[in-house]
Number of protein chains: 2
Amino acid sequence: MNKRLSAQPTASIELLQSHSLPSLVQRHLENMILAGQLIPGSKLTEIPLAGQLGVSRGPVREAFRGLEEKGLVRVERNRGVFVRTITSAEADDIYEVRQAIEELIVRKLAAAPDRVMEAGLEEVLAKAGKFAEKGDFARCHALNIEFHDRLAALTGNAALLDHYRRLANELSLFRHRAHAKIRDASSLRASVADHRALLAAIAAGDRRLAVRLIREHLEASRARLQRLLADREDSPG
Amino acid sequence: MNKRLSAQPTASIELLQSHSLPSLVQRHLENMILAGQLIPGSKLTEIPLAGQLGVSRGPVREAFRGLEEKGLVRVERNRGVFVRTITSAEADDIYEVRQAIEELIVRKLAAAPDRVMEAGLEEVLAKAGKFAEKGDFARCHALNIEFHDRLAALTGNAALLDHYRRLANELSLFRHRAHAKIRDASSLRASVADHRALLAAIAAGDRRLAVRLIREHLEASRARLQRLLADREDSPG
DNA sequence: TGTTTGTAGATTGTCAACAATCTGTAACGG
DNA sequence: CCGTTACAGATTGTTGACAATCTACAAACA
């Protein structure tokens, strides 16, 4: 009963009434994985995990099942579950699908720019730009991810948002490998600039341009990441 | 210990060594749902289900978690799990995403038609055509679905296949509502014809045409399904 | 010395029992 | 007569215990 899921004991009661224990555990692990606090390939053992979270093994196992279906962990029978590792080839595959999805997102938004303008995305980009100037890698990166997520959400298509998020999560899993040591601030500024141009194109309702921009943005992002990773593997010091 | 997962007791042992009980239960339920034997909206109660399958409630609960993440069931805390019902609006959303995915599939295949030619897809279409003539709705429909699935698999992109299957499954969930009573044989023949034309375009490496064909095919399929469902709701006799 | 076998500990897979919650029904009061 | 409350049965949520499996280390043998 030492470390529980929530810091405030009173709030956790309310949470327990709406969300089941397994879903809380799942969200917790998901956050840990996506934040890079659980590195790909590392093993998740039930008993210590259950102890840490103050629950029994049942909910933990159920959370594992959900995470497996989300592609965040890999379950090996009688051996355990491991944070999923994504190879460069897999990342390329995922990027390819994501490109198709994001093109759809951008096409939809450019067709109805009104909502996008009211969503306060300029603010997100402005903050991201500030953090980039300050060299605050983590916060800027988080805002860049939020920008894409907000775009997906603005389409109003739940299935689209769902699939986008899964792809984005898997890629963030891959990204941790590259970012573990190297944090390229210039690439972040490039991303913010790309986002600005993209948002302008959407706001102008220029579908053609917006699609071209998102395509180039993702391709550049993909290439940058792959190169970064290749460099790391060459000199793993 | 009456009804177990497999008919052959010897084979089930081997299966149990590679696949865990939860994954077997999950696959079983998934098949039941996709086959339409479990109607959307119907409740899945743990105890009878566990009894039927000869397992305890634990594995069943774990299977539920996986199915929920796959979008096949909906879990309501302290109330139970239900086969997911998909509204017309949701189906439209899913179709929109699927269209983007299938366009990517077709684009990739048209860029490398060699593999597609060797996959024996003509055979699938030929069989589907025969069943359509005979009025064997179920078998023809299954082959039409297999055709799309094989196309997705032929891209060699696992992520792409994954996302395609999820979309296809959710739509098949929706389709059951429409097909429950009405089985339009003519639409099946139309689908087979569409598939033939699409395959020819891919084999010829005509990317433009292939993309146009798949787009029209899906749009026609979507409109047909929605109309069918609207008719049913008007005259629910 | 290198390989194999055996064993102890740890970990996962499964189960059955207990606690909490919900649903439907019947009694009660306005 | 209608709405509210109390209760019983059923169902879900959670847990701890037992069985099966794996892993790592050590002893025996070639």
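Sequence lines set the chain letters: A, B, ... in the order given, protein chains first and strands last, and positions in each chain run from 1.
To the nearest angstrom, P of C:dA16 lies 16 Å from CZ of B:R61. Taking atom CZ on B:F64 and atom P on D:dT11, their separation rounds to 13 Å, with Å as the unit. Distance CD (A:E46) to P (D:dC18): 18 Å, rounded to an integer number of Å. Rounded to a whole Å, the CG atom of A:L53 is 13 Å from the P atom of D:dT14. For B:H19 and C:dG13, the NE2 to P distance is 14 Å, given to the nearest whole Å. B:E68 has its CD atom 10 Å from the P atom of D:dG13, to the nearest Å. Following rounding to the nearest Å, B:I47 (CD1) and D:dT12 (C1') show an atom-to-atom distance of 8 Å. Per the geometry, CG belonging to B:N78 stands 16 Å off P belonging to C:dA19, to the nearest Å.
Among D:dT12, C:dC22, D:dC22, the nucleotide with an atom closest to any side-chain atom of B:R79 is C:dC22. When each of D:dT12, C:dC15, D:dT15 is scored by its nearest atom to the side-chain atoms of B:T45, the top-ranked nucleotide is D:dT12. Nearest to the side chain of A:S56, among D:dT15, C:dT14, D:dT12, sits D:dT15.
Considering B:H195, B:H148, B:E219 in turn, B:H148 is the only one that fulfils the side chain to side chain contact (heavy atoms under 4.5 Å, CB included) rule with B:I214.
Counting any heavy atom pair closer than 4.0 Å across all strands shown, A:G58 reaches a base atom. Heavy atoms of B:L44 sit under 4.0 angstrom from primed sugar atoms or phosphate atoms, though from no base atom.
In this structure, the side chain of B:N157 engages the main chain of A:D93 through a donor-acceptor pair within 3.5 Å.
For the atom pair NE2 of B:H141 and OG of B:S191, the computed distance is 9.0 Å after rounding to the nearest 0.5 Å. Separation of atoms CG (A:L160) and OG1 (A:T155) is listed at 4.5 Å; rounding is to 0.5 Å.
At a cut-off of 3.5 angstrom, the base of C:dG13 holds at least one donor-acceptor pair with the side chain of A:R57.
A donor-acceptor pair shorter than 3.5 Å can be found between the side chains of B:R65 and A:S20.
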